[in-house]
Protein chains: 2
Amino acid sequence: MRSKEGGTTTSKQDKRVGKIRRSEQTRRRILDAAALWLNKKGLAETSLQDLADEVGLQTASLYYHFPSKDALIEEVLHKGIEIVYEDVRRALDALEPSASYRERVRVAIAAHLSSLLEHGDYTSANIRNFPLVPENLREKNLSIRRQYGDYWRQLLQDAQKAGEVAPNVDLSLVRLFLVGAMNWSTEWFNPRKKSIDAIADMICSMIFDGIGPKEQRPSDGGQKRVTRR
Amino acid sequence: MRSKEGGTTTSKQDKRVGKIRRSEQTRRRILDAAALWLNKKGLAETSLQDLADEVGLQTASLYYHFPSKDALIEEVLHKGIEIVYEDVRRALDALEPSASYRERVRVAIAAHLSSLLEHGDYTSANIRNFPLVPENLREKNLSIRRQYGDYWRQLLQDAQKAGEVAPNVDLSLVRLFLVGAMNWSTEWFNPRKKSIDAIADMICSMIFDGIGPKEQRPSDGGQKRVTRR
DNA sequence: ATTAACCTATCAATCATTCAGTAGAATGAT
DNA sequence: ATCATTCTACTGAATGATTGATAGGTTAAT
């Protein structure tokens, strides 16, 4: 997020050290407004006029901060996955190394859902708009999307290697299926009905144990088997 | 599909009995073109100009067949779910009454996927555009969507009553999860990689048996338990 | 001769974008 | 401390292109 461009703490003749550049603020406000509108109305019904109104500017002023509408949208979309990716990775990194893979998957699901449904509009704006956004806007998104996909792939592979996923299971289908189901949650999620953690729990046991009737299964308490080698 | 309006076989002064009205054909072609564009480009980038070009008409001519763009889009969207709903119901009705619920679910999944990925653009146009389409276009869709949801709800409830789904499973989450995952398949499905039937099979056993390692599970052959009372 | 099916021409509205300007803050020179 | 200059952040007006939509005319089949 604070990576590119020297930005606030530039070296040469930037006297306002601790202060944030004024334009940085409105730039951010424009992006926020765009994420909001993209998420609520979709790209089809998000005009620069709408964004300018939301921020309290003239449409022409947006061009001081962004070279084009496409560039603006692109940045919102990029932030979208970047945020999910970071959230999920951070959540997994925070786990103890002894955590089972089942627990890891559960945490990853919860983090993805939380990022999608609670943390602002960027993530959901991305997920909801990406499928039908013009190709030229998608291009810059593809690389980081692939990275995120690989991250999940790796997680599931490790789980399988550790014996926590049956060896005959097609991981790529599991991944697509799981991510798809999570992404679709923007369409039905209602925070007053069920918490994200509860949903993540249920999805996890559904994925691992299935919904079929259990036969004997000696009720070993479940997740604390710590199968690492 | 053939419900409203007397249509082709009207009573009074309609001489061409077996023949299809000329306008019916082009009307259909317009709808087809709309479904195609909606699916490929999305509503944002589907203009009446595009549709007219695709069909070989002038944009003004579209207004002979439809009162407005909204009405045209609405009809495409409506046909969308209508088709899935019918496909799934037909597939289930074709099963022998002795079929297990697991088999029923498998067939329902296959039918939904097939309708979504193989049978023309209407279904996928609906699924992909609905989330971000303006509200006034969604209204007429909601009723039939709810019906289709109820249909799945009923199927899963029956399965649970019959003992083929564990009693403690939250069916509404299963349904939302399953439908979401299926609907997302438009984003990744590749017919050359895996057939729809194969995918349906895998999803089904994933949902019922889970991906976790199997313990003893006496390999009873599976689906032929016929639990109908 | 009537009607069904489509066309030409045109409409106002909205779209993203450009450009010339400007108020006010920051800067530098005195 | 004062004044002139430069730069930042924005405005106002206008651009051409495209949008959905309307009105009136034309053709072809019955």
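Just so it is clear, the model here is predicted, and its values are computed rather than measured. Residue numbers start from 1 in every chain, and the chains themselves are labelled A, B, ... in the order their sequence lines are given, proteins ahead of strands.
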Peer 1: If only side-chain N and O atoms of Tyr64(A) are considered, is one of them under 4.0 Å from the OP1 or OP2 phosphate oxygen of dC10(D)?
Peer 2: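 No, outside the criterion.
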Peer 1: For Gln49(A) and dT17(C), give me the distance from atom CD to atom P, rounded to whole Å.
Peer 2: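 In whole Å, dT17(C) P and Gln49(A) CD are 14 Å from each other.
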Peer 1: Considering only side-chain heavy atoms of Ser61(A), which listed nucleotide, dA21(D), dT11(D), dC6(C), is closest?
Peer 2: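 So the side chain of Ser61(A) is nearest to dT11(D).
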Peer 1: Where does DNA chain C pair, written as one dot-bracket string 5' to 3', with Watson-Crick or G-U pairs under 3.5 Å, ( ) inside the strand, [ ] for crossing pairs and | for another strand?
Peer 2: ||||||||||||||..||||||||||||||
Peer 1: Using whole Å, what does the distance between atom C1' of nucleotide dT14(C) and atom CG of Asp50(A) come to?
Peer 2: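 Interatomic distance, CG of Asp50(A) to C1' of dT14(C): 11 Å.
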Peer 1: Could you state the CZ-P distance from Arg28(A) to dA9(D), rounded to the nearest angstrom?
Peer 2: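 To the nearest whole Å, that distance equals 17 Å.
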Peer 1: Check whether any side-chain heavy atom of Glu75(B) lies under 4.5 Å from a side-chain heavy atom of His78(B), and answer yes or no.
Peer 2: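 Counting from C-beta outward, Glu75(B) and His78(B) never come under 4.5 Å.
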Peer 1: Side chains of Phe66(A) and Leu31(A): does their closest heavy-atom pair fall under 4.5 Å?
Peer 2: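 Yes, close enough: below the 4.5 Å cut-off.
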Peer 1: Using OP1 and OP2 only, check whether a side-chain N or O of Thr26(A) sits under 4.0 Å from dC10(D).
Peer 2: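 It does, given that an N or O in the side chain of Thr26(A) lies less than 4.0 Å from OP1 or OP2 of dC10(D).
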Peer 1: To the nearest Å, how far apart are Glu24(A) CD and dT8(D) C1'?
Peer 2: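 Rounded to the whole Å, the gap is 13 Å.
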Peer 1: With the side chain of Ser23(A) defined as its heavy atoms from C-beta on, choose the nearest nucleotide among dC6(C), dA9(D), dA21(D).
Peer 2: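 Comparing dC6(C), dA9(D), dA21(D) against the side chain of Ser23(A), the answer is dA9(D).
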Peer 1: Counting only side-chain N and O atoms of His65(A), is one of them less than 4.0 Å from OP1 or OP2 of dT8(D)?
Peer 2: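 So the side chain of His65(A) is outside the cut-off, no N or O lying under 4.0 Å from OP1 or OP2 of dT8(D).
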Peer 1: Will you find, in the side chains of Asn183(A) and His112(A), an N or O donor that is under 3.5 Å from an N or O acceptor?
Peer 2: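 Their side chains do contain a donor-acceptor pair, which is all the 3.5 Å distance test asks for.
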Peer 1: Would you mind listing every ring pair (Phe, Tyr, Trp, His ring centres under 6.0 Å) that reaches into residues 119-144 of chain A, with sequence neighbours excluded?
Peer 2: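 Matches after skipping sequence neighbours: none remain.
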Peer 1: Hey, does Ser47(B) reach any base, or is it just sugar-phosphate, or nothing, if we go heavy atoms under 4.0 Å?
Peer 2: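 It contacts sugar-phosphate atoms only.
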Peer 1: Using a 4.0 Å heavy-atom cut-off to protein, can you give one letter per nucleotide of nucleotides 19-25 of chain C, 5' to 3': B if the base is in contact, S if only the sugar-phosphate is, - if neither?
Peer 2: B------
Peer 1: Regarding His65(B) and Ser23(B), do their side chains bring together a donor and an acceptor under 3.5 Å, going by distance alone?
Peer 2: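 There is no such pair (donor and acceptor under 3.5 Å, judged by atom type) between the side chains of His65(B) and Ser23(B).
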Peer 1: How close or far is atom C1' of dT19(D) from atom CG of Leu48(B), stated in whole angstroms?
Peer 2: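 Distance check: Leu48(B) CG to dT19(D) C1' gives 8 Å.
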Peer 1: Using a strict heavy-atom distance below 4.0 Å, which residues from residues 66-74 of chain A are in contact with DNA chain C?
Peer 2: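 Residues of residues 66-74 of chain A that come under 4.0 Å of DNA chain C are, in numerical order, Ser68(A), Lys69(A).
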Peer 1: May I have the distance from Leu62(B) (atom CG) to dC6(C) (atom P), rounded to whole angstrom?
Peer 2: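 Rounded to the whole Å, the gap is 10 Å.
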Peer 1: Between Tyr101(B) and Phe208(B), does the ring centroid distance fall short of 6.0 Å?
Peer 2: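 No, too far apart.
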Peer 1: Less than 3.5 Å apart, any donor N or O on the side chain of Asp170(A) or Ser172(A) sitting next to an acceptor on the other?
Peer 2: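 On atom types as modelled, these side chains qualify, holding a pair under 3.5 Å.
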Peer 1: Is the shortest side-chain heavy-atom distance between Glu82(A) and Thr123(A) below 4.5 Å?
Peer 2: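 Sidechains of Thr123(A) and Glu82(A): no contact.
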Peer 1: Take atom CZ of Arg27(A) and atom P of dA9(D), then tell me their distance rounded to the nearest Å.
Peer 2: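 Nearest whole value for this atom pair: 12 Å.
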Peer 1: Which atom pair, heavy atoms only, marks the closest approach of Leu38(A) to Ala125(A)?
Peer 2: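 Taking every non-hydrogen atom into account, CB-CB, 3.9 Å.
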Peer 1: Which class fits the ring pair Trp152(A) and Tyr148(A): parallel under 30°, tilted 30 to 60°, perpendicular over 60°?
Peer 2: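 Ring orientation of Trp152(A) relative to Tyr148(A): perpendicular.
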Peer 1: Could you name each residue pair satisfying salt bridge (charged side-chain N to carboxylate O under 4.0 Å, His left out) that touches residues 44-66 of chain A, not counting sequence neighbours?
Peer 2: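 Residue pairs passing salt bridge (charged side-chain N to carboxylate O under 4.0 Å, His left out), neighbours aside: none found.
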Peer 1: Compute whether any side-chain donor of one residue and acceptor of the other, for Asp158(B) and Gln154(B), lie under 3.5 angstrom apart.
Peer 2: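 Side-chain D/A pair, Asp158(B) to Gln154(B): present.
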Peer 1: Once you round it to whole Å, what is the distance between C1' of dA16(C) and CG of Asn136(A)?
Peer 2: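 Going from CG in Asn136(A) over to C1' in dA16(C) covers 14 Å.
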Peer 1: A cation-pi test, strictly: NZ or CZ of Arg175(A) under 6.0 Å from the centre of the six-membered ring of Phe177(A) and no more than 45 degrees from its axis. Yes or no?
Peer 2: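 No.
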Peer 1: Classify the nucleic acid contact of Gln58(A) as base, sugar-phosphate or nothing, counting any heavy atom under 4.0 Å across all strands shown.
Peer 2: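 Answer is sugar-phosphate: Gln58(A) comes under 4.0 Å of backbone atoms only.
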Peer 1: Return the residues of residues 36-45 of chain A meeting this criterion: a heavy atom under 4.0 Å from some atom of DNA chain C. Order them by number, or give none.
Peer 2: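 Heavy-atom contacts with DNA chain C come from no residue of residues 36-45 of chain A; none.
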Peer 1: Where do Asn141(B) and Arg146(B) land on the side-chain hydrogen bond (donor to acceptor under 3.5 Å, both in side chains) test, with the steps shown first?
Peer 2: CA-CA 9 Å; Asn141(B) 227 248; Arg146(B) 220 166 293 139; over 6 Å; no
Peer 1: Would you check if there is a donor-acceptor pair between the side chains of Asn39(A) and Asn129(A) at a distance under 3.5 Å?
Peer 2: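 No, no side-chain donor-acceptor contact under 3.5 Å.
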